[in-house]
S.K.: 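A single structure is presented below for examination.
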Amino acid sequence: MNISESIFQAFDAIRTNKLRTFLTLLSIAMGVFALIVAGTIITSFEKAVTKQLEDVGETTFWIQRTPAIQTGNTWRKYRKRKPITYNEFKELKKMTTSTNIISAHSYTFGMTITAGNLSTDPDVYLAGAENNFFITNAIDVDYGRIFTEEDINFNRNVAIIGNDVLVKIFPNVNPIGKEITIKNQKYTVIGVLKSRGAVLGQSKDNMVIIPLTNFLKYFASPWEESLTISVRAKSKEALEETIDEVIGNLRVIRNVKPWEENTFEVETNETISQQFGSFVNFLSIFGFISGGFALIAAGVGIMNIMLVAVKERTREIGIRKAVGAKRRWILWQFILEAISLCQVGGVVGIIFGTLGGYLLGNLIKLPMHFPISWIILSVIVCTILGISFGAYPAYRAANLDPIEALRYE
């Protein structure tokens, strides 16, 4: 059995049955395209989330009203929970002894920031935060300063702006000490955040941070606003002890009975990774299903092409058998031809799937990563497709009677 000859025969089938082969290879390419695009996006999401969690560190965890990632109708259950209030945060801060690095923050979207005659688009992320927020969330100030406890306690109108805001309203100007306006409220700029780029397609520099007390006074709904509390343990070894203490203290503060479940969620790097893993699995299944239908249709086309090839080469098969070709040689020859056809469509799908993934990534501003594992998976799937749908035509070819095959016209 000559492998190169089998591959050449596959390309000869492409030339002989151009339209049928084109449609079949198009189906394979579409199926692989769906797999590669899904793989590119999933790999890029995983890398972005992993980097984000690594930047924050393993000793930080968050307390919030609902999980970071929700699926199904679970939001109905979480919607009934009482918001986490600023008073609860202050009580928690007093009661916790295992660490003193505790902060709280809240946020809103769609704000317009103005300075003089210049203004941003109405898409700025406005956050209200405590002074420890910058430590627990690994956010650095490029120049200027962060909030002090006095800024928080005295509800001062001061602000720290991101680089995107700086470029739009203070081009080529040092903003420190300058005033900005947010919904008729004036704030003095005291710092500029170090540029952090984009995560999951959203710029982290298009934001303004003001003291949490000020945020709650002017921008929060007193009935709906729920804070996110962030806590940094003193060490990785002390993380579990700190989590247990914070949970116990907050249950007491929120009057949760011993037999009742928590009315808040505790999120660590590990739990967020697990939740994100479930989301990634859902995307993976969706990609497999999308590509699977096209690949099954392509498999039927491959079988049809190979059956035609067996019929057209019946005399050739008879001659080979007459001169001593073994059944398994003929069997593997036709299977290799089917695999080769599938790999041609797979290569086309991989090329266009990779390009499609990068284009989609540029649209959502997500740094793309080459999905090596998904490309290997696509090659394996195409191989299995060729074996599965090429097996029956190959079996028919291998079992032809040599005398009858030689008489075939």
S.K.: So does Phe109 have more than 12 non-hydrogen atoms from other groups sitting under 6.0 Å from CZ?
M.R.: yes
S.K.: Mind checking whether Val167 and Asn163 have side chains closer than 4.5 Å, heavy atoms only?
M.R.: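 Touching, per the 4.5 Å side-chain cut-off.
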S.K.: Verify, without hydrogens or angle tests, whether Lys178 (side chain) and Asn174 (backbone) share a donor-acceptor contact under 3.5 angstrom.
M.R.: yes
S.K.: Side chain of Thr181, backbone of Asn184: donor and acceptor closer than 3.5 Å?
M.R.: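 A pair under 3.5 Å: no.
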S.K.: Rounded to the nearest 0.5 Å, what's the gap from CG on Asp123 to CE on Met111? Could you check?
M.R.: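 Rounded to the nearest 0.5 Å, the CG-CE separation comes out at 11.5 Å.
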S.K.: Using the side-chain contact (heavy atoms from CB on, under 4.5 Å) rule, pick out the option among Ile161, Ile176, Val165 that qualifies with Phe170.
M.R.: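 Looking at Ile161, Ile176, Val165, the match for Phe170 under the side-chain contact (heavy atoms from CB on, under 4.5 Å) is Ile161.
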S.K.: Would you check if Asn206 and Tyr125 make a side-chain contact, meaning some heavy-atom pair closer than 4.5 Å?
M.R.: no
S.K.: Test side chain to side chain donor-acceptor pair (under 3.5 Å) on Tyr86 and Glu91; report intermediate values, then the result.
M.R.: CA-CA 9 Å; Tyr86 187 57; Glu91 284 296 316; over 6 Å; no
S.K.: Do other residues, nucleotides or ligands put more than 12 heavy atoms under 6.0 Å from the CD atom of Glu149?
M.R.: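 No, not enclosed.
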S.K.: Are the side chain of Thr120 and the backbone N or O of Thr112 linked by a donor-acceptor pair below 3.5 Å?
M.R.: no
S.K.: For Glu179 and Val189, indicate whether the former's side chain and the latter's backbone hold a donor-acceptor pair under 3.5 Å.
M.R.: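 No; zero donor-acceptor contacts below 3.5 Å.
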S.K.: Counting distance only, does the side-chain N/O of Ser103 pair as donor-acceptor with the main-chain N or O of Phe133 below 3.5 Å?
M.R.: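 Checking the backbone N and O of Phe133 against the side chain of Ser103, a donor-acceptor pair under 3.5 Å is found.
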S.K.: Treating Gln64 as the side-chain partner and Val266 as the backbone partner, does any N or O pair qualify as donor plus acceptor under 3.5 Å?
M.R.: no
S.K.: Quick one about Thr263 and Arg81 (side-chain donor to acceptor, distance below 3.5 Å, no hydrogens or angles considered), yes or no?
M.R.: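 No.
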S.K.: Show the numbers, then the answer: is there a side-chain contact (heavy atoms from CB on, under 4.5 Å) between Asn137 and Ser230?
M.R.: CA-CA 8 Å; Asn137 291 275; Ser230 49; 3.5 Å; yes
S.K.: Using modelled atom types only, decide if a donor and an acceptor are shared between the side chain of Asn249 and the backbone of Val246 within a distance under 3.5 Å.
M.R.: no
S.K.: Quick one: closest heavy-atom pair of Cys382 and Cys342, and the distance?
M.R.: O-CB, 3.4 Å
S.K.: I'd like to check Arg65 versus Glu265 (side-chain heavy atoms, cut-off strictly below 4.5 Å). Are they in contact?
M.R.: no
S.K.: Return the minimal non-hydrogen interatomic distance between Thr96 and Leu92, and the atom names on each side.
M.R.: OG1-O, 2.8 Å
S.K.: Is it true that Glu260 and Arg251 make a salt bridge, defined as a side-chain N closer than 4.0 Å to a carboxylate O?
M.R.: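 Looking at Arg251 together with Glu260, the answer is no, because their closest N to O distance does not fall below 4.0 Å.
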S.K.: Nearest 0.5 Å please: distance from the CG atom of Leu239 over to the OG atom of Ser98.
M.R.: 10.0 Å
S.K.: Between Glu150 and Arg156, is the closest basic N to carboxylate O distance under 4.0 Å?
M.R.: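 No, this pair does not count.
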S.K.: Kindly compute the distance separating CZ (Arg232) from CH2 (Trp62), expressed to the nearest 0.5 Å.
M.R.: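 Reported to 0.5 Å precision, the distance equals 9.0 Å.
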S.K.: Considering residues at least two apart in sequence or located in another chain, which fulfil the side-chain hydrogen bond (donor to acceptor under 3.5 Å, both in side chains) criterion with Asn157?
M.R.: Asn214
S.K.: So if I apply the side-chain contact (heavy atoms from CB on, under 4.5 Å) rule between Ile102 and each of Thr242, Thr136, Asn132, Val231, which one comes out positive?
M.R.: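 Exactly one candidate clears the test, Val231.
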S.K.: Is there side-chain contact between Ile209 and Leu193, with at least one heavy-atom pair below 4.5 Å?
M.R.: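 They are in side-chain contact.
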S.K.: Give, for atom CG of Leu227 and atom CD1 of Ile229, the distance between the pair rounded to the nearest 0.5 Å.
M.R.: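 Between atom CG of Leu227 and atom CD1 of Ile229 there are 6.5 Å.
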S.K.: Using a strict cut-off of less than 4.0 Å between a Lys/Arg side-chain nitrogen and an Asp/Glu carboxylate oxygen, indicate whether Asp140 and Arg196 qualify as a salt bridge.
M.R.: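 Not counted as a salt bridge, because no side-chain N and carboxylate O are separated by less than 4.0 Å.
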S.K.: In the structure I gave you, are the side-chain heavy atoms of Phe264 and Thr66 within less than 4.5 Å of one another anywhere?
M.R.: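 Heavy-atom side-chain distance check fails, nothing below 4.5 Å.
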S.K.: Locate the shortest heavy-atom distance separating Val192 from Leu166; write the atom from each residue and the value.
M.R.: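 Val192 and Leu166 have their closest heavy atoms at CG1-CD2, 4.1 Å.
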S.K.: Rounded to the nearest 0.5 Å, what separation is found between the OG1 atom of Thr213 and the OH atom of Tyr218?
M.R.: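 OH of Tyr218 is found 10.0 Å from OG1 of Thr213.
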S.K.: Assess the pair Phe215 and Tyr107: is the distance between their ring centroids shorter than 6.0 Å?
M.R.: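 Aromatic pair excluded; centres sit 6.0 Å or further apart.
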S.K.: Could you check whether Phe33 and Phe352 have their ring centres less than 6.0 Å apart?
M.R.: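 No, too far apart.
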S.K.: Find the distance between CG (Asn131) and CZ (Arg145) and round it off to the nearest 0.5 Å.
M.R.: 10.5 Å
S.K.: Treating Thr99 as the side-chain partner and Lys234 as the backbone partner, does any N or O pair qualify as donor plus acceptor under 3.5 Å?
M.R.: no
